[in-house]
There are 2 protein chains.
Amino acid sequence: MNCNCCSVHSSDQICMHKVPIFSSLSPEEMSHISSIIKHKNYQKGELLFSEGDSPRSLIIINEGSVKAFKVTPEGREQILHIFSEGDFFGEQNLFGSQKSPYTAEALAPTGICSFAKEDFYQILHAHPGIAIKIIETLGERIARMEDTMQSIGVRNLDSRISGLLLDFADKYGKVVPEGILIQLPVSREGMANYLGIARETISRKLGQLEAEGLIHSVNNKNILLKNREAMNTLAGKDC
Amino acid sequence: MNCNCCSVHSSDQICMHKVPIFSSLSPEEMSHISSIIKHKNYQKGELLFSEGDSPRSLIIINEGSVKAFKVTPEGREQILHIFSEGDFFGEQNLFGSQKSPYTAEALAPTGICSFAKEDFYQILHAHPGIAIKIIETLGERIARMEDTMQSIGVRNLDSRISGLLLDFADKYGKVVPEGILIQLPVSREGMANYLGIARETISRKLGQLEAEGLIHSVNNKNILLKNREAMNTLAGKDC
DNA sequence: CGCGAGCTTGAACATTATCAAGGCAAGTGG
DNA sequence: CCACTTGCCTTGATAATGTTCAAGCTCGCG
């Protein structure tokens with residue numbers, strides 16, 4: 001399992017280089033750390049861990065995507081995050097011996113790298129630079145969640161949906177001549193569960209947006225964003 | 001300004017000891033760090049910084065409380081956090097040279113301690129233990145925000161209001177013979193802005209809860225929680 | 001005592017959820 | 001290759017819920 005050279009083709013190296021938190025390390029440090037990484041693959045629908053588990057490892061996504069969700073008392077899924085290539089999560093699993101606050105499920109065939117809790121503590125003590133990178137990244141995540149919380153305060157549902165589409169456009173969009181083609185990581189139901197609304201409402205609202213000429217629903221997995229400017233205005237992001 | 005001994009009466013020391021992130025330090029380390037802390041006091045309604053500013057310092061609350069909010073495109077205030085004694089915030093100001101994502105306003109006469117960005121980087125490199133504590137604390141905050149996001153997915157408003165009251169009970173409650181007396185840090189309007197709903201709706205819902213015998217609204221600043229168990233059930237926290 | 005901020009209450013209105021039925025598309029098996 | 005099945009999405013009608021606007025109230029304070 002241990003790679004005895006620094007081959008750039010090692011899948012360990014792939015993980016390391018995709019994640020900014022390791023960018024401050026020297027090549028020797030990287031190769032030491034990559035020797036303690038574990039790998040695993042998941043199929044679509046498979047659970048990485050469940051709410052309440054104590055998996056005690058930090059997970060970095062190498063390929064694919066993962067949704068993190070809680071189940072509400074009424075039995076609905078509330079999606080909290082959608083992680084994809086290069087994202088890491090599970091830091092709550094490492095520290096404070098807390099239980100995982102959410103369930104993590106693969107949205108597509110997904111490959112991950114993970115560190116055990118003990119190893120990670122060692123690394124942090126030896127390389128304060130990594131800790132700072134992690135703090136920065138967590139700070140960014142908090143800022144993004146604060147954005148989400150604000151958008152929830154926006155009563156206008158249209159704004160929230162536009163905001164979600166814009167987020168997806170940044171993360172999963174490809175620029176094409178007609179606009180931005182968004183490859184949706186989740187179904188309509190997933191979007192509804194992300195926004196905390198009913199499936200049917202998403203359908204209706206997307207229908208409206210299409211009627212207004214802002215988007216074109218290519219199929220259930222792809223949406224073409226035709227007018228980003230108008231979308232920004234709707235989302236209230238240009239004030 | 002610099003305290004040349006380790007007097008426990010120094011207000012620097014007060015800050016240090018109220019915040020768990022410094023708990024791993026030796027007395028000498030503490031006194032060094034406390035020598036670079038700055039202090040400031042704010043009156044109710046005063047702004048610590050505004051959304052978009054780059055204050056570049058980490059703030060620890062010594063006394064009082066602070067609300068962090070964004071203004072929605074419609075002009076409503078969306079409260080993101082309510083910080084009180086012992087909490088720290090502004091980590092986004094330190095790292096990544098980002099702009100502050102929210103405005104911070106004192107809810108009461110408030111005293112703070114702060115670190116400048118440069119000093120804090122030094123401290124982190126010299127004391128990895130602090131970095132780990134900060135990562136833990138940020139992880140907890142993320143977990144709390146995830147709870148909040150879930151509760152937003154709960155369509156039942158009663159649940160969300162009950163959840164808020166329970167949170168307040170933990171943080172601002174005093175046990176009295178009749179139950180738990182909550183000293184509200186914010187007005188009804190503040191609660192509404194926290195939950196992203198209308199003032200009037202909070203009034204009506206609190207009225208219902210009072211009619212049901214779960215709470216007693218002593219006055220606008222205090223609420224008596226008479227039946228915590230029933231409240232937990234309503235909030236859906238006992239599943 | 002009178003004023004004002006913040007809270008409560010009422011009624012009409014707007015929006016979204018829910019329930020129900022139908023459609024579309026991909027995959028399966030004969 | 002076609003009919004069938006299954007999963008997901010759309011659309012319609014109705015009910016529930018919260019918002020908004022307007023008016024009146026209450027408590028603390030000068």
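A, B, ... follow the sequence lines: proteins, then strands. Residue 1 opens every chain.
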Can you tell me if A:E178 has over 12 outside heavy atoms packed within less than 6.0 Å of its CD?
yes
More than 12 heavy atoms of other residues, nucleotides or ligands under 6.0 Å from CD of A:E210: is that the case?
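Yes, because the 6.0 Å sphere around CD of A:E210 holds more than 12 heavy atoms from other groups.
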Does the side chain of B:R199 get closer than 4.0 angstrom to OP1 or OP2 of C:dG6 through an N or O atom?
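Answer is no, no contact under 4.0 Å.
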Sugar-phosphate only, base, or nothing, as touched by [X] at under 4.0 Å among non-hydrogen atoms:
| X | value |
| --- | --- |
| B:S203 | base |
| A:E200 | base |
| A:I202 | nothing |

Nearest-Å distance for atom pair [atom1]/[atom2], residues [X] and [N]:
| X | N | atom1 | atom2 | value |
| --- | --- | --- | --- | --- |
| B:N222 | D:dG28 | CG | C1' | 14 Å |
| A:L206 | C:dT16 | CG | P | 13 Å |
| B:I223 | C:dT8 | CD1 | C1' | 14 Å |
| A:K221 | C:dG27 | NZ | C1' | 16 Å |
| A:R188 | D:dT10 | CZ | C1' | 10 Å |
| B:M191 | C:dG6 | CE | P | 14 Å |
| A:L157 | D:dT17 | CG | P | 18 Å |

Look at the side chain of A:R160 against the base of C:dT15 and say whether a donor-acceptor pair falls under 3.5 Å; ignore hydrogens and angles.
no
Residue [X], side-chain atoms from C-beta onward, closest of [options]:
| X | options | result |
| --- | --- | --- |
| B:I197 | C:dT18, D:dC9, D:dT19 | D:dT19 |
| B:K205 | C:dA20, D:dA22, D:dG18 | D:dG18 |
| A:E189 | D:dC9, D:dT19, C:dT16 | D:dC9 |
| B:N220 | C:dC7, D:dA22, D:dC9 | C:dC7 |

Distance under 6.0 Å and angle within 45° of the ring axis: does B:R141 meet both against B:F89?
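No - B:R141 does not lie over the ring of B:F89 by the 6.0 Å and 45° rule.
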Quiz item: cation-pi between A:K171 and A:F168, 6.0 Å / 45°:
no
Residue pair A:E74 / A:T72, side-chain donor-acceptor N/O under 3.5 Å
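Yes.
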